[in-house]
Amino acid sequence: MSASVLRQLFSIFTLLIATLLVVDAVFLMSTGLVNFGVMLPLCIGCGLILLRWKWQQFGRWRSQRVWRQKVWTLAQLLAGAWLLSLVLFFIFLQRTNDAAGLTDKNTATIKAIMILGSGSFKCSASPTLAARLDLGLEWARRLPASKVLVTGGKNWTLPCAEAQIMGDYLRAHGLAAGRIIQEERSTTTYENLLFSQPLLEKNAVTPHDEILIVSSDFHVLRARMIARRLGWSSVQTAGATTPLYIRYNDWLREYFSFIKGFLLRMY
């Protein structure tokens, strides 16, 4: 196969990937999901389409200066390294969800279940959030003596706090109102856990007691690391399966959140 044919096939493949990224992002935005994990693929897709459209002009511009060719080569190497790190991170996430390891025997002493928020749309639970809440309900039924804390504050575009949505969801699905604690100020995972501490302590749950953190499969590792950094010494986690249509967008957002956490020394 000639080099020109390979270049043409690669160009077609790149255009297909770019179109897929844009269509995926537009679809998710139409459902109300607007976050970094959606916007970055949209920007990448639009950038690739623009580059493909202006490829000949870009090639002429690049060939006019040696330094431009070197910068382009470096950019390709960095992009390749980033993609490799992203794939490795996705594999790492796939292998770290420990929900399957939880049993009634090793959770018998859990005093509280903490369900972390994940975003909402029009004051209702998103599919990702509903998956977390359904898993939390399952564990609440298996641990009837435990308190259930839901945590999440207000999105600036909405009049309701996420913890209110979560509490309403749990009550509507049969969980006794007296078991539910709502933390309604936090806007990040770190704040979820930090602001929940005094509320749990008011309900006789100390940082040395066992708690179960319920979140999404991609999120439980970082949540557990932050909890231990904040002094929770006996933390277990359960990860709800992320809906397939949003899974890799959420994992992409988690990739950058993980890096941010290291930079801010949250672990």
Using a 6.0 Å cut-off, check whether atom OH of Y190 has over 12 heavy atoms from anything other than its own residue.
no
Salt-bridge contact K111-E210 (side-chain N to carboxylate O under 4.0 Å):
no
Where do F195 and E184 land on the side-chain contact (heavy atoms from CB on, under 4.5 Å) test, with the steps shown first?
CA-CA 9 Å; F195 296 164; E184 302 178 0; over 6 Å; no
Considering all heavy atoms of both residues, which atom of A112 and which atom of L200 are nearest to each other, and what is their separation?
CB-CD2, 3.9 Å
Can D134 and Y169 be said to form a side chain to side chain donor-acceptor pair (under 3.5 Å), step by step?
CA-CA 9 Å; D134 289 340; Y169 186 100; 2.7 Å; yes
Taking side chain as C-beta onward, heavy atoms only, is H208 less than 4.5 Å from S234?
no
Using a distance-only test with no angle check, is there a side-chain donor-acceptor pair under 3.5 angstrom linking T189 and H219?
yes
Would M39 and F27 show up in the same hydrophobic cluster when neighbours are defined by side-chain heavy atoms closer than 4.5 Å?
yes
Group every Ile, Leu, Val, Met, Phe, Trp and Tyr by side-chain heavy-atom contacts under 4.5 Å, then state whether L93 and L84 land in the same group.
no
Side chains of F262 and I259: does their closest heavy-atom pair fall under 4.5 Å?
no
Could you tell me if the side chain of V220 sits less than 4.5 Å from the side chain of I213, heavy atoms only?
no
Say whether I17 and W82 are linked into one hydrophobic cluster, either directly or through other cluster members, by side-chain heavy-atom distances under 4.5 angstrom.
yes
Could you measure the distance from the CG atom of D168 to the OG atom of S124? Nearest 0.5 Å is fine.
11.0 Å
So, does N249 use its side chain to make a donor-acceptor pair with the main chain of G37 at under 3.5 Å?
yes
Distance-minimising heavy-atom pair for L170 and V148
CD1-CG1, 3.9 Å
Any non-hydrogen side-chain atom of L42 less than 4.5 Å from a side-chain atom of V38?
no
Point-to-point distance, once rounded to the nearest 0.5 Å, from CG of L149 to CG of L193
9.5 Å
Supply the atom-to-atom distance Y245 OH to D24 CG, rounded to the nearest 0.5 angstrom.
10.5 Å
Pi-cation contact, F36 with R253 (under 6.0 Å, within 45°):
no
Run L15 and L48 through side-chain contact (heavy atoms from CB on, under 4.5 Å) and show every step you take.
CA-CA 7 Å; L15 184 60; L48 289 174; over 6 Å; no
Report, as yes or no, whether the 6.0 Å neighbourhood of atom CD on Q56 holds more than 12 heavy atoms from other residues, nucleotides or ligands.
no
With a 4.5 Å cut-off on side-chain heavy-atom distances among I, L, V, M, F, W and Y, is there a chain of contacts connecting L21 to F256?
yes
Report the distance from atom CE of M166 to atom CG of L129, rounding to the nearest 0.5 Å.
5.0 Å
Ignoring hydrogens, what is the shortest heavy-atom contact between S126 and S118? Give both atom names and the distance.
OG-OG, 3.9 Å
Do the side chains of M114 and V150 get nearer than 4.5 Å, heavy atoms only?
no
T237 and S215: side-chain contact (heavy atoms from CB on, under 4.5 Å), yes or no, with the steps?
CA-CA 8 Å; T237 54; S215 190; over 6 Å; no
Do you know which two heavy atoms are closest between D209 and A204, and how far apart they sit?
OD2-O, 3.7 Å
In this structure, CG of L175 is separated from CZ of R141 (nearest 0.5 Å) by 8.0 Å
Are F89 and E254 side-chain neighbours, meaning at least one heavy-atom pair lies under 4.5 Å?
yes
Correct closest heavy-atom pair for Q182 and R171 would be OE1-NH2, 2.9 Å
Y267, F90, W251, F218 screened by ring pair (Phe, Tyr, Trp, His ring centres under 6.0 Å) with F258, the one that passes:
Y267
Should the pair R52 and W55 be classed as cation-pi, given the thresholds of under 6.0 Å to the six-membered ring centre and 45° from the axis?
no
Enter the distance from N203:CG to R179:CZ here, rounded to the nearest 0.5 Å.
12.5 Å
Looking at every heavy atom in both T128 and P243, which two are closest together, and how far apart are they?
OG1-CD, 3.9 Å
Do R132 side-chain atoms and L116 backbone N/O form a donor-acceptor pair below 3.5 Å?
yes
Would a 4.5 Å heavy-atom cut-off, applied to side chains only, mark K70 and T73 as touching?
no
Check the side chains of T151 and S186 for a donor-acceptor pair under 3.5 angstrom, ignoring hydrogens and angles.
yes
Using modelled atom types and a 3.5 Å cut-off, is there a donor and acceptor pairing between side-chain atoms of Q164 and backbone atoms of A161?
yes
Kindly determine whether S233 and R228 satisfy side chain to side chain donor-acceptor pair (under 3.5 Å), including the steps that lead there.
CA-CA 6 Å; S233 57; R228 288 174 177 168; over 6 Å; no
Would you check if E183 and E191 make a side-chain contact, meaning some heavy-atom pair closer than 4.5 Å?
no
Check: G178 main-chain N/O paired with K147 side-chain donor or acceptor under 3.5 Å
yes
Is there a path of hydrophobic side-chain contacts, each under 4.5 Å between heavy atoms of I/L/V/M/F/W/Y residues, joining W72 to I44?
no
Under 6.0 Å from the CH2 atom of W61, do we count more than 12 heavy atoms belonging to anything else shown?
yes
Working note: V71 + R68, criterion side-chain contact (heavy atoms from CB on, under 4.5 Å); need CA distance, chi angles, decisive distance, verdict.
CA-CA 5 Å; V71 169; R68 292 175 183 173; 5.7 Å; no
Testing the 3.5 Å rule here: is there a donor-acceptor pair between the side chains of T242 and Y248?
no
